[in-house]
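Computed from heavy atoms alone, side chains included, the values below leave out hydrogens, waters and symmetry copies. This is a predicted model, so every value here is computed, not measured.
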Number of protein chains: 2
Amino acid sequence: MINIHQNGNCLECDKKCSAFKRLLSEELNYINQYRFHITYKKGEVIFKQNTPASNVISISRGVAKTTFEDKFNKNLILSLIKGPSLVVGPGIYVDNIYHFTLTALTEVHACIIDVLAFKKLIRENSDFAEQYISEMSVRAIRNYQRTFCLTHKQMHGRVADALLNLSQNIFNAPEFEMPLTRQELGEYTGLTKESVSRILTKFRDDQLIQMDGNIIEILNMDKMITISENG
Amino acid sequence: MINIHQNGNCLECDKKCSAFKRLLSEELNYINQYRFHITYKKGEVIFKQNTPASNVISISRGVAKTTFEDKFNKNLILSLIKGPSLVVGPGIYVDNIYHFTLTALTEVHACIIDVLAFKKLIRENSDFAEQYISEMSVRAIRNYQRTFCLTHKQMHGRVADALLNLSQNIFNAPEFEMPLTRQELGEYTGLTKESVSRILTKFRDDQLIQMDGNIIEILNMDKMITISENG
DNA sequence: TTTTATAATTGATCCATATCATTTGAATAT
DNA sequence: ATATTCAAATGATATGGATCAATTATAAAA
């Protein structure tokens, strides 16, 4: 974990997440005092479930995952996140605890922001608050679809959903380097790693995808969407 | 559906949900102009998924469910809600569409509030906004646990969870009248009605619960919690 | 290079849960 | 009281995925 105070300040930052674009210059200068910039290596934990939630994270670059784990160390990947994006643990308005773990899947550039500074801006700038509410709302809606997917679709549909999400929401391209292991794909789709492996082999045999090492390309996007929709 | 403009106004209302308790008198008088009170009968739809989200609902009394349905009419019960509680479709900050259906499970007394009036208060009263954010946050946290439950626990654990939620969060008593059919319990737990039926019979045979018609009593709360925790 | 550890693949088997089919029960209407 | 409808219970069977086990790749370390 390399701590580099970025030269510039928030005012000039061109990797601001949407909410921060709603802030006034003076507010950006204010928040600039309460943040520091860190680069995480692949695999590093940014914050850990069940620890005190003292920061919000503005990811400027890279891909990360949020995971929920129980006492038996069974994991569930809640979401995949691509910078620029603001990651706020909901616990900051509930019990001041992180309710999931945030982990870098690639190198991640992020600003660690003091939670009190964040909350102050939420109270003082209603544009900012509204944008934050809007982002929470988008996630809530995604959650409905995701819960539905995990409970009502079977293997093929779930893996298709995962691949489509990676392609469309994270990498914006049909071809990408898979940032998740088979184990993690399992934790994301609610399957075992063996099942994920089998489905991917099946997809490849059916000419739906191409796999070259860790590079995956969706060859037939329409078919993939159909599989996702039909569960 | 009986439309009765309640005699009193919001200022005097003793069934306010938490967020409204944060409003000033003048704000309560303001919102009072943009709401009307309705009583729904059991089974009636309060608002329907995919229709324009023009209101937020303040449930003062009764129990309701939110359901998410796909194009094949497969349903998932997202949550159970007990008054007093504010139900806001997240779509009001995204695409002005309801993303789930809200249905009365018992007789429900509710105030239908204009969404623009609600949004105005969110912008103008940061206590109100903060309380709303806090409630969204609680739901987000519950969602993690629920998604985990539905993907990682098996039948007994899921049904135990459902019964515990009804007992602890909805009725605040070990004995209650089951507001859900077996089919609905299935839609809530991600199981078929047949499986739910079998599990309940098993629970009764094991002296975990008592069933008298539609009345269910949890006889062994500790055991039920253990089953929930061990999946 | 060889060793070691970790991830991925693949096959064989088992089991949890869905599906299908029938019966029973309860509520509502005739 | 009888018919009708819908919810619930229960048994028999099928199957989607998990689990277990073995093999092969891949990558890091000695």
Identify whether the distance between the nearest side-chain nitrogen and carboxylate oxygen of E107(B) and K41(B) falls below 4.0 Å.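 Between K41(B) and E107(B) there is no salt bridge, as every charged N stays at least 4.0 Å from the carboxylate O atoms.
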Rounded distance in Å - [atom1] ([X]) to [atom2] ([N]):
| X | N | atom1 | atom2 | answer |
| --- | --- | --- | --- | --- |
| M155(B) | dT19(C) | CE | P | 13 Å |
| H152(A) | dT19(C) | NE2 | P | 10 Å |
| M211(A) | dT9(C) | CE | C1' | 10 Å |
| E194(B) | dT23(C) | CD | P | 16 Å |
| K202(A) | dA8(C) | NZ | C1' | 19 Å |
| N214(A) | dA8(C) | CG | P | 7 Å |
| K193(B) | dG25(C) | NZ | C1' | 16 Å |
| I199(B) | dT10(D) | CD1 | P | 13 Å |

Atom NZ of K65(A) and atom CD1 of I46(A): how far apart are they, to the nearest 0.5 Å?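 The distance works out to 11.0 Å.
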Qualifying residue, where the test is side chain to side chain contact (heavy atoms under 4.5 Å, CB included) with I77(B) and the options are T189(B), L185(B), L180(B), T103(B):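 So, applying the side chain to side chain contact (heavy atoms under 4.5 Å, CB included) to I77(B) and each of T189(B), L185(B), L180(B), T103(B), only L180(B) qualifies.
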Are the aromatic ring centres of F100(B) and F68(B) under 6.0 angstrom apart?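 Not under 6.0 Å, so no.
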With heavy atoms under 4.0 Å as the rule, sort [X] into base, sugar-phosphate or nothing.
| X | value |
| --- | --- |
| L191(B) | sugar-phosphate |
| G186(B) | nothing |
| T181(A) | sugar-phosphate |

Only residue of N169(A), N143(A), T66(A) satisfying side chain to side chain donor-acceptor pair (under 3.5 Å) with S79(A) is T66(A)
By nearest heavy atom, map R198(B) and Q183(B) onto DNA chain D; which one lands nearer the 5' end? Q183(B)
Strictly below 4.0 Å: does [X] bring a side-chain N or O up to OP1 or OP2 of [N]?
| X | N | answer |
| --- | --- | --- |
| S195(A) | dA18(D) | yes |
| S197(A) | dT10(C) | no |
| T192(B) | dA18(C) | yes |

Nearest to the side chain of Q154(B), heavy atoms from C-beta on, is which of dG17(D), dA8(D), dT17(C)? dT17(C)
